[in-house]
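Letters go in sequence order (proteins before strands), and every chain restarts at 1.
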Amino acid sequence: NAGVTQTPKFRILKIGQSMTLQCAQDMNHNYMYWYRQDPGMGLKLIYYSVGAGITDKGEVPNGYNVSRSTTEDFPLRLELAAPSQTSVYFCASSRTGVYSYNEQFFGPGTRLTVL
Amino acid sequence: KQEVTQIPAALSVPEGENLVLNCSFTDSAIYNLQWFRQDPGKGLTSLLLIQSSQREQTSGRLNASLDKSSGRSTLYIAASQPGDSATYLCAVPNNAGNMLTFGGGTRLMVKP
């Protein structure tokens with residue numbers, strides 16, 4: 001199993017540009033998550049999904065959009081990139097939700113810089 | 001709103017020392033608590049998950065304890081090694097059960 005994969009690993013955007021961060025998992029997990037991590041800070045949840053076709057906002061959703069058309073993929077879209085979106089983005093998945101005994105598996109992250 | 005705090009933010013110890021990392025949370029009505037390890041430039045790896053009904057969990061040289069009433073958890077690392085150098089984060093589910101709230105992490109360096 002590849003686990004959770006993310007592309008690209010690094011990206012530099014200009015202010016106002018758009019891009020999609022890709023995330024895929026091959027563990028047949030229902031739950032998928034997008035987090036951002038700013039320097040010296042913990043992770044903050046952007047969006048999450050409990051299954052194909054179902055998404056919901058997390059703690060910091062403004063400026064982002066997601067879709068979940070398949071169980072495997074959970075892309076994160078940035079529209080009109082801003083310097084405040086400079087961060088490291090992590091995708092994660094789990095078989096069930098946070099109240100269960102199932103751990104979350106994390107991808108390696110995408111380091112995004114907006115100039 | 002649940003808040004999770006980890007102190008210290010950074011810790012440097014000589015190899016072989018036993019050490020304790022601290023995690024505190026403001027709302028004691030948690031369902032579980034997870035400890036993660038993050039290597040530089042990498043994602044997070046789950047180390048231990050403690051259910052609210054448990055007092056501690058052990059994995060190798062790691063032992064995590066949970067005291068819900070005081071809103072605290074500790075991660076004990078025995079006989080530390082340079083390979084233990086990483087950032088350690090703790091996280092708890094929020095009240096709605098739809099997300100994890102993370103602490104800011106403790107960056108550990110174990111010197112040979």
**Asked** Where on A:Gln6 is there a heavy atom nearer than 4.5 Å to chain B: the side chain, the backbone, both, or neither?
**Response** neither

**Message:** Within a 6.0 Å radius of atom CE on B:Met109, are there more than 12 heavy atoms belonging to other residues, nucleotides or ligands?
**Reply:** no

**Connected via hydrophobic side-chain network under 4.5 Å: B:Tyr76 and B:Trp35** = no

**No-hydrogen, no-angle side-chain donor-acceptor test under 3.5 Å, B:Gln34 and A:Gln104** = no

**Message:** Is any side-chain heavy atom of A:Tyr35 closer than 4.5 Å to one of B:Leu100?
**Reply:** yes

**Prompt:** If you draw a 6.0 Å radius around NZ in B:Lys68, do more than 12 non-hydrogen atoms from other residues or ligands fall strictly inside?
**Reply:** yes

**Non-hydrogen side-chain atoms of A:Leu43 and B:Leu44 separated by less than 4.5 Å** = yes

**Fill in**
Closest non-hydrogen contact found for B:Gln38 with A:Phe90 is NE2-CZ, 3.3 Å

**Asked** Is it true that B:Val4 and B:Leu66 fall in one hydrophobic cluster, defined by side-chain heavy atoms closer than 4.5 Å?
**Response** yes

**Request:** May I have all residue pairs that pass side chain to side chain donor-acceptor pair (under 3.5 Å) and include part of residues 99-112 of chain B, sequence neighbours excluded?
**Result:** none

